[in-house]
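One structure is given here, and the rest of the page talks about it.
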Amino acid sequence: MDNQKNTISIIAVFMLITILFPTGCTQERGEDEVYSGDYEPADLITIVQEEGYPDIQFPKNQLIIQAAAGVTREQLLGVLDDLEATLIGQMPSRGLYQVRVNAADKDTLDQMKTALQGRSEIARVGYNLLCEQSGLSDDRCPVQPDSIVNFLSDPFEHSEYAIALEIIEGLRDTIPMSRVAIGLLERGYNETNPEFEETRIVDVSEAGVQLDQSDTHGNAMMGIICADNDGSGVNGIASSFLKDKLTVYIARPRNQSVFSYQTALTNLTNVADIIINSWSMSLSPASEEAFGDLFDMYNDLMYDSGASLFVNAAPNRNILITPTNALPASITLHENTITVSAHSAVDPNRKLDNAGYGDLVAISALGVVDVTTPSGADRLATGTCYAAAQVASAAALLMSVGYDHLSFRAIKQLLLEHTGWQPVEPNAGVLLSFSYPLADLLWEMYQNEPWARRVMDWDGDDLHDTPLQIAASL
């Protein structure tokens with residue numbers, strides 16, 4: 001009897017192990033599933049750039065490939081088999097794939113890169129670079145001690161945020177507003193923070209990737225967009241305007257590689273109207289040609305994602321942004337992309353010292369802000385990404401008031417051309433204004449309505465009054 005019991009116990013344990021740990025390799029992924037692969041720190045190659053630019057790193061055994069037009073996933077897998085390369089990540093709808101190759105150093109990797117480039121099924125091949133600054137690294141738009149700077153008496157005075165909010169509150173029961181979704185690429189945020197309870201927040205990270213509840217940068221970005229606006233700090237700009245019509249989607253990249261960022265970005269483009277790219281990669285002039293394929297891939301990814309407006313933060317470096325030296329900030333000429341720099345908290349006409357600039361910068365917003373931390377306390381933070389969150393919130397306001405009738409081109413034009421303030425010097429875009437674009441849009445949409453004539457055109461000259469006058473009349 002004891003032997004029989006032991007036999008039954010052994011069989012039971014074996015069955016349990018079989019259920020919990022099935023035999024074979026890892027679970028087969030779906031052909032259309034979007035996912036990225038990981039890398040080993042020991043496999044990283046480091047390339048030292050010119051002074052003033054960060055080192056470049058990428059795995060010595062990985063490449064990103066873009067399939068040629070019309071090439072199917074099955075055809076691409078055939079090419080990889082021929083070259084003994086392994087698929088470890090994919091975005092089939094974008095024709096982008098992450099592959100592991102048999103390479104032990106950069107020379108061998110370059111040989112594989114050349115071999116792949118020689119195949120007619122492949123349009124582009126690039127290194128899987130690691131992002132130098134991002135929501136995944138602690139040096140991206142850091143939270144600072146409160147003593148770092150003296151604020152203006154009202155940091156938002158020049159953007160007239162409060163005036164725009166007065167106008168919206170006065171018209172909330174008069175005009176329809178549509179739902180808007182903002183997307184964030186961040187490491188995470190504190191989901192238990194009660195300041196976020198009023199906003200619908202959805203995690204769309206790839207399978208197996210968990211949000212970091214203690215991430216300072218993600219909490220700060222989430223706070224600017226949708227924390228409770230309790231009068232302290234720069235909190236809840238978009239949610240103050242949109243209330244329950246705002247949804248925030250967040251995607252955490254699996255790691256700091258560009259392909260993981262592309263994967264998270266693709267997941268966001270499926271659900272978000274506006275996406276904030278709060279990360280950067282800077283290339284020195286000597287490096288631009290070697291990594292040009294990567295720029296072309298990202299350019300296609302953003303341009304083809306016509307359903308989303310991309311708000312790109314300029315690098316947190318005092319560099320002139322060119323068409324090929326900063327991802328994603330250099331990609332700004334499409335109708336659905338806006339590159340944002342940051343201005344000083346003590347002088348709105350002066351660029352933040354550590355912020356990218358140039359003709360490719362479209363707009364500038366406040367770069368030194370009080371933000372929400374994981375503990376719920378407010379702390380000072382500096383960086384272009386926080387400026388980008390403000391611009392994204394202003395775009396969300398216009399998109400909601402426009403009620404699905406505004407193109408991305410029209411939103412961008414309203415933000416860039418309808419402002420009451422002078423450009424930031426040197427070459428860092430016009431100052432963000434919440435109130436003037438809103439007033440122009442309301443007048444364009446409702447000038448024939450009796451209420452608009454009464455509220456927005458006191459003197460009857462067929463031109464709307466200033467935002468301050470409009471707010472006073474409500």
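The analysis underlying the following values was restricted to heavy atoms, covering all of them including side chains, and did not include hydrogens, waters or symmetry mates.
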Sorted by chain and number, sequence neighbours left out, salt bridge (charged side-chain N to carboxylate O under 4.0 Å, His left out) with Arg200 holds for none
Can you name the residues that form a side-chain contact (heavy atoms from CB on, under 4.5 Å) with Ala472, not counting sequence neighbours? none
Nearest heavy atoms of Glu31 and Gln90, plus distance in Å: O-NE2, 3.0 Å
Smallest separation among heavy atoms of Leu352 and Gly383, with atom names: CD2-N, 4.0 Å
Listed by chain and number, what are the salt bridge (charged side-chain N to carboxylate O under 4.0 Å, His left out) partners of Asp457, not counting sequence neighbours? Arg453
Residues passing the side chain to side chain donor-acceptor pair (under 3.5 Å) test with Asn325, sequence neighbours excluded, are Thr322
Exam field: side chain Gln49 to backbone Pro54, donor-acceptor pair closer than 3.5 Å: yes
Is it the case that the side chain of Ser341 and the backbone of Gly356 share a donor-acceptor pair, with hydrogens and angles ignored and the cut-off at 3.5 Å? yes
Can a donor-acceptor pair be found, under 3.5 Å and without considering hydrogens, that links the side chain of Ser400 to the backbone of Ala396? no
Which atoms form the tightest heavy-atom contact between Gly358 and Leu320, and what is the distance? CA-CD1, 3.5 Å
Ignoring hydrogens and angles, tell me if any N or O in the side chain of Asn277 forms a donor-acceptor pair with the backbone of Trp279 under 3.5 Å. no
Sequence-distant partners of Glu197, salt bridge (charged side-chain N to carboxylate O under 4.0 Å, His left out), two or more places apart: none
Results of ring-ring contact (aromatic ring centres under 6.0 Å, His included) for Phe58 - residues two or more places apart only: Tyr127
Ignoring hydrogens and geometry, is there a side-chain-to-backbone donor-acceptor pair from Ser36 to Ser260 under 3.5 Å? no
Is any side-chain heavy atom of Phe310 closer than 4.5 Å to one of Asn336? yes
Just jot down the side-chain contact (heavy atoms from CB on, under 4.5 Å) partners of Asp359, sequence neighbours excluded, or say none. Asn427
Could you list the residues that satisfy side chain to side chain donor-acceptor pair (under 3.5 Å) with Gln57, not counting sequence neighbours? Thr46
How close do Leu416 and Ile363 get, heavy atom to heavy atom, and via which atoms? CD2-CB, 3.8 Å
Geometric class of the Phe241/Phe434 ring pair [parallel <30°, tilted 30-60°, perpendicular >60°]: tilted
Side-chain donor/acceptor of Lys412 to backbone N/O of His334, under 3.5 Å: yes
One pair to check against side chain to side chain contact (heavy atoms under 4.5 Å, CB included): Asp215 and Met222. What are the steps and the verdict? CA-CA 11 Å; Asp215 180 46; Met222 191 72 75; over 6 Å; no
Short question: side chain of Ser257, backbone of Leu130 - any donor-acceptor pair under 3.5 Å? no
What's the separation between atom CD1 in Ile470 and atom CG in Leu442, rounded to the nearest 0.5 Å? 7.0 Å
Determine the minimum heavy-atom distance between Asn354 and Asn318, stating which atoms define it. OD1-N, 4.1 Å
Does a sphere of radius 6.0 Å around CZ in Arg172 hold more than 12 heavy atoms from other residues, nucleotides or ligands, not counting ones at 6.0 Å or beyond? yes
Within the distance-only criterion (no hydrogens, no angle test), does the side chain of Ser364 pair as donor or acceptor with the backbone N or O of His343 below 3.5 angstrom? yes
Is the closest side-chain heavy-atom distance between Met399 and Ile411 below 4.5 Å? yes
Under the criterion side-chain hydrogen bond (donor to acceptor under 3.5 Å, both in side chains), I'd like the reasoning laid out for Arg94 against Thr269: C-alpha separation, chi angles, the key distance, then a yes or no. CA-CA 11 Å; Arg94 308 292 185 195; Thr269 59; 2.9 Å; yes
In Å and rounded to the nearest 0.5 Å, what is the CG to CZ distance from Asn267 to Arg252? 14.5 Å
Distance-only, no hydrogens or angles: does the Gln98 side chain make a donor-acceptor pair with backbone N or O of Ile65 under 3.5 Å? no
Contacts of Ala392 that satisfy side-chain contact (heavy atoms from CB on, under 4.5 Å) - sequence neighbours left out: Ile274, Ile276, Val311
Please state whether the rings of Tyr189 and Phe196 are parallel, tilted or perpendicular, taking 30° and 60° as the class boundaries. perpendicular
The ring-ring contact (aromatic ring centres under 6.0 Å, His included) partners of Phe259 (sequence neighbours excluded) come to none
What pairs with Asp32 under salt bridge (charged side-chain N to carboxylate O under 4.0 Å, His left out), at least two apart in sequence or on another chain? none
Taking everything shown except Glu198 itself, do over 12 heavy atoms lie less than 6.0 Å from its CD? no
Can you give me the closest heavy-atom contact between Leu360 and Thr339, atom names plus distance? O-CB, 3.7 Å
Results of side-chain contact (heavy atoms from CB on, under 4.5 Å) for Pro176 - residues two or more places apart only: Tyr403, Tyr446
Is the count of non-hydrogen atoms from other residues, nucleotides or ligands lying under 6.0 Å from Glu74 atom CD greater than 12? yes
Would Ser278 and Glu186 count as a side-chain hydrogen bond (donor to acceptor under 3.5 Å, both in side chains) here? Give the steps. CA-CA 8 Å; Ser278 58; Glu186 293 293 339; 2.8 Å; yes
So does Thr332 get a backbone contact from the side chain of Asn312, meaning a donor-acceptor N/O pair under 3.5 Å? no
I want to check something: taking the side chain as every heavy atom from C-beta on, are Val202 and Ile250 in contact at a cut-off of under 4.5 Å? no
Go through Gln469 and Thr466 one step at a time and tell me if the side-chain hydrogen bond (donor to acceptor under 3.5 Å, both in side chains) criterion holds. CA-CA 5 Å; Gln469 291 170 322; Thr466 68; 3.3 Å; yes
